[in-house]
Amino acid sequence: MHKDLKEILITEEEIKEAAKRLAAQIDRDYEGSEILFVGLLKGSVQIMADLLKNVQTKCKVDFMCVSSYGSGTTSTGRVNIIKDLSEPIDGMNVVIVEDIIDSGNTLSFIEKYFAAKNAKSVRICTLLNKPSRREVEINVDYVGFDVPDEFVVGYGLDYREYYRNLPYIGVLKPEIYS
Ligand code: IMP
Ligand code: MG
């Protein structure tokens, strides 16, 4: 385990199993149609790779980069587009792929943004969900794991851009960010 972690919350094996389960759910729901996966950078990269390896449905992949966070551990509620979609999404069945849903501010913004761009449907797939921290109501269609209200890193999730490379989800020691 990385020395900056208090504990490992979710192991690599558990994540790989969850990715298979989510991919199977998605395949069932979109059978016979086409999906556009939109990953939110940078946190979604690891779970996106796992989903893509397991999904059988015809699909395209795009990425967006938005920020609602400063460099700390709490949401600012403001969302800026840093990198936009690379192709139009009108008429597409979009599945947003996210690392973690916390306040819900980011996803709430993105959902409205995609609806305004005339996506045919928009669903959300997230590796982690922190329901206790929700500030805006969000309908999350595919959830890997519900996690407690602790700051977690690894498997794409960062603290000040570090720890994204860890192959598991761990709880950061509070002394690292306090
Ligand atoms: P929301 O807009 O508050 O739902 O924030 C979502 C974004 O906040 C995620 O995409 C993460 O980048 C970041 N975030 C929220 N909680 C954590 C955490 O525990 N660890 C790392 N990043 C987090
Ligand atoms: Mg993120």
Side-chain angles (χ1 to χ4, degrees), residues 1-12 14-15 18-19 22 36-52 61-85 94-116 119 122-178:
M1 177 173 81
H2 192 288
K3 63 174 174 42
D4 295 349
L5 298 183
K6 198 170 80 176
E7 61 174 318
I8 292 177
L9 206 58
I10 308 167
T11 65
E12 184 167 16
E14 289 169 327
I15 298 170
L22 296 175
L36 172 66
F37 288 105
V38 177
L40 301 188
L41 295 171
K42 306 163 197 167
S44 68
V45 286
Q46 292 219 48
I47 187 62
M48 176 68 99
D50 289 336
L51 280 176
L52 291 178
V61 183
D62 204 348
F63 289 96
M64 261 185 93
C65 185
V66 299
S67 71
S68 69
Y69 265 43
S71 53
T73 60
T74 51
S75 176
T76 59
R78 248 180 328 115
V79 178
N80 304 310
I81 296 180
I82 294 165
K83 181 224 170 287
D84 207 341
L85 295 162
V94 177
V95 176
I96 302 168
V97 180
E98 176 63 306
D99 53 356
I100 186 167
I101 304 178
D102 188 48
S103 70
N105 285 316
T106 307
L107 264 301
S108 159
F109 169 86
I110 298 269
E111 275 191 322
K112 287 186 200 120
Y113 185 70
F114 286 2
V122 180
R123 286 192 181 174
I124 297 172
C125 177
T126 187
L127 172 60
L128 306 179
N129 184 33
K130 262 189 204 172
S132 60
R133 299 252 310 171
R134 207 68 97 244
E135 289 169 15
V136 288
E137 209 183 303
I138 288 281
N139 187 24
V140 192
D141 304 279
Y142 310 103
V143 177
F145 304 89
D146 280 338
V147 292
D149 184 12
E150 287 186 284
F151 199 78
V152 293
V153 295
Y155 221 83
L157 290 101
D158 73 304
Y159 174 64
R160 296 198 169 158
E161 296 300 325
Y162 292 104
Y163 311 108
R164 294 192 196 275
N165 57 313
L166 301 180
Y168 44 74
I169 300 286
V171 179
L172 202 56
K173 284 181 182 163
E175 63 256 38
I176 303 295
Y177 56 81
S178 55

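Ligands are counted one by one from 1 in listed order, and the atoms in each one are counted from 1 as well.
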Does ligand 1 have a heavy atom under 4.0 Å from the side chain of Glu135, from its backbone, from both, or from neither?
neither
Who pairs with Asn165 by side chain to side chain donor-acceptor pair (under 3.5 Å), at least two apart in sequence or on another chain?
none
Residue Gly104 vicinity, atoms of ligand 1 by number, heavy atom under 4.0 Å:
1 (P), 3 (O), 4 (O)
May I ask which of Ile100, Thr126, Val152, Val66 has a heavy atom nearer to atom 23 (C) of ligand 1 than the others do?
Ile100
Considering only heavy atoms of Asp99, which atoms of ligand 1 have at least one such atom less than 4.0 Å away?
9 (C), 10 (O), 11 (C), 12 (O)
So, Asp99 side chain and Gly156 main chain: donor-acceptor pair closer than 3.5 Å or not?
no
Enumerated ligand 1 atoms positioned under 4.0 Å from heavy atoms of Thr106
1 (P), 2 (O), 5 (O), 6 (C)
Ligand 1 atoms nearer than 4.0 angstrom to some heavy atom of Glu150 are 19 (O)
Tell me whether ligand 1 is touched by Asp158 - counting only heavy atoms on the residue side and a distance under 4.0 Å.
yes
Is any side-chain heavy atom of Leu157 less than 4.5 Å from a side-chain heavy atom of Val152?
yes
Taking 4.0 Å as the limit for heavy-atom contacts, which would you say applies to Leu157 with ligand 1: side chain only, backbone only, both, or neither?
side chain
Do Asp50 and Tyr155 come close enough that some side-chain heavy atom pair is under 4.5 Å?
yes
With sequence neighbours excluded, tell me which residues meet salt bridge (Lys or Arg N to Asp or Glu O under 4.0 Å) with Glu150.
Lys6
Working for side chain to side chain donor-acceptor pair (under 3.5 Å), residues Tyr177 and Asp4:
CA-CA 10 Å; Tyr177 56 81; Asp4 295 349; over 6 Å; no
